[in-house]
Amino acid sequence: PRLSGAKLATASVRQLKDVMRQLGIDASGCLEKRDLLAAIAASDACEVVGAAEGCGAEEAAAVQALPSVGVTSMDEEHAECTQALEALAASQRAADLEQVINVFASHFSHEEELLAAHGFGRGAGTDDRFSAAATHAEDHARILRLARDALASLDCSEKVPAAVINAVASALHTHATKYDALYEKSIPVDAA
């Protein structure tokens, strides 16, 4: 079916989730409204017509620099993630989205190793499923799933919609401010 970008942009989160459920679009990795809009726009289950804020091909892609976490190696990798996103925003090529996924996956893996090596987020006698380290890793997986699902829905020659780029960039920025900021003073500045 064809869906109006303008109507989707004004729909509530509950209404967007209902649309996704009806169309068989997975919403499990979507935490914010813009994630839902990006998933709908990237899906093969429907066609979104008419640009609207947060959900249209005419929207410009915007990438914000990530805040410092006070750990040199992580700040350097965050800069690499930002550079990969900026390249994607400039080109909107599927190959650059694939590069974003590779840069993110490498960074996330290194970050999780660093957190484990310094004992971050693991409390004695607590259920590790609910630890800060586990939820941190789950959010990494959510961001990668969002990007991979978008890539899987694209034809090689098709441009990556700005809404998808913005959703991935927003997910990483939100992650950095909500999750990465928690380890800022727990891991030495020079940790590698």
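Between Thr72 and Asp190, the closest side-chain pair of non-hydrogen atoms is not below 4.5 Å. Residues Arg145 and Ser28 have side chains in contact (heavy-atom distance under 4.5 Å, counting atoms from C-beta outward). His173 has its side chain within reach of Pro67: a pair of non-hydrogen atoms, C-beta onward, lies under 4.5 Å apart. With contacts defined as side-chain heavy-atom distances shorter than 4.5 Å, the pair Val160/Ser91 does not qualify. Residues Met74 and Asp180 fail the side-chain proximity criterion, which asks for heavy atoms closer than 4.5 Å. Counting heavy atoms from C-beta outward, Ser73 and Val71 have side chains that approach closer than 4.5 Å. Side-chain contact between Arg2 and Cys46 is absent, with no heavy-atom pair separated by less than 4.5 Å.
Under the side-chain hydrogen bond (donor to acceptor under 3.5 Å, both in side chains) rule, Asp18 has a single partner from Arg14, Gln15, Arg21, which is Arg21.
To the nearest 0.5 Å, atoms CD1 (Ile25) and CG (Asp44) are separated by 9.5 Å. Atom CZ of Arg34 and atom CG of Asn166 lie 5.0 Å apart (nearest 0.5 Å).
Formation of a donor-acceptor pair under 3.5 Å by the Thr174 side chain with backbone atoms of Ala171 is not found in this model. In terms of modelled atom types and a separation under 3.5 Å, the side chain of Ser43 and the main chain of Ala39 share no donor-acceptor contact. A distance-only check finds no donor-acceptor pair linking the side chain of Gln92 to the backbone of Lys159 [under 3.5 Å].
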Using atom types as modelled, flag every donor-acceptor pair under 3.5 Å from a side chain in residues 108-116 to any protein atom, sequence neighbours excluded.
from, atom 1, to, atom 2, distance (Å)
His110, ND1, Glu77, OE1, 3.4
His110, ND1, Glu77, OE2, 2.4
His110, NE2, Ala192, O, 2.6
Glu111, OE1, His136, NE2, 3.0
Glu111, OE1, His140, NE2, 2.6
Glu111, OE2, Tyr183, OH, 2.6
Glu112, OE2, His140, ND1, 2.6

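Within 6.0 Å of NZ in Lys33 there are more than 12 heavy atoms belonging to other residues, nucleotides or ligands.
Between Arg142 and Asp35 there is a salt bridge, since at least one side-chain N of the basic residue sits less than 4.0 Å from a carboxylate O of the acidic one.
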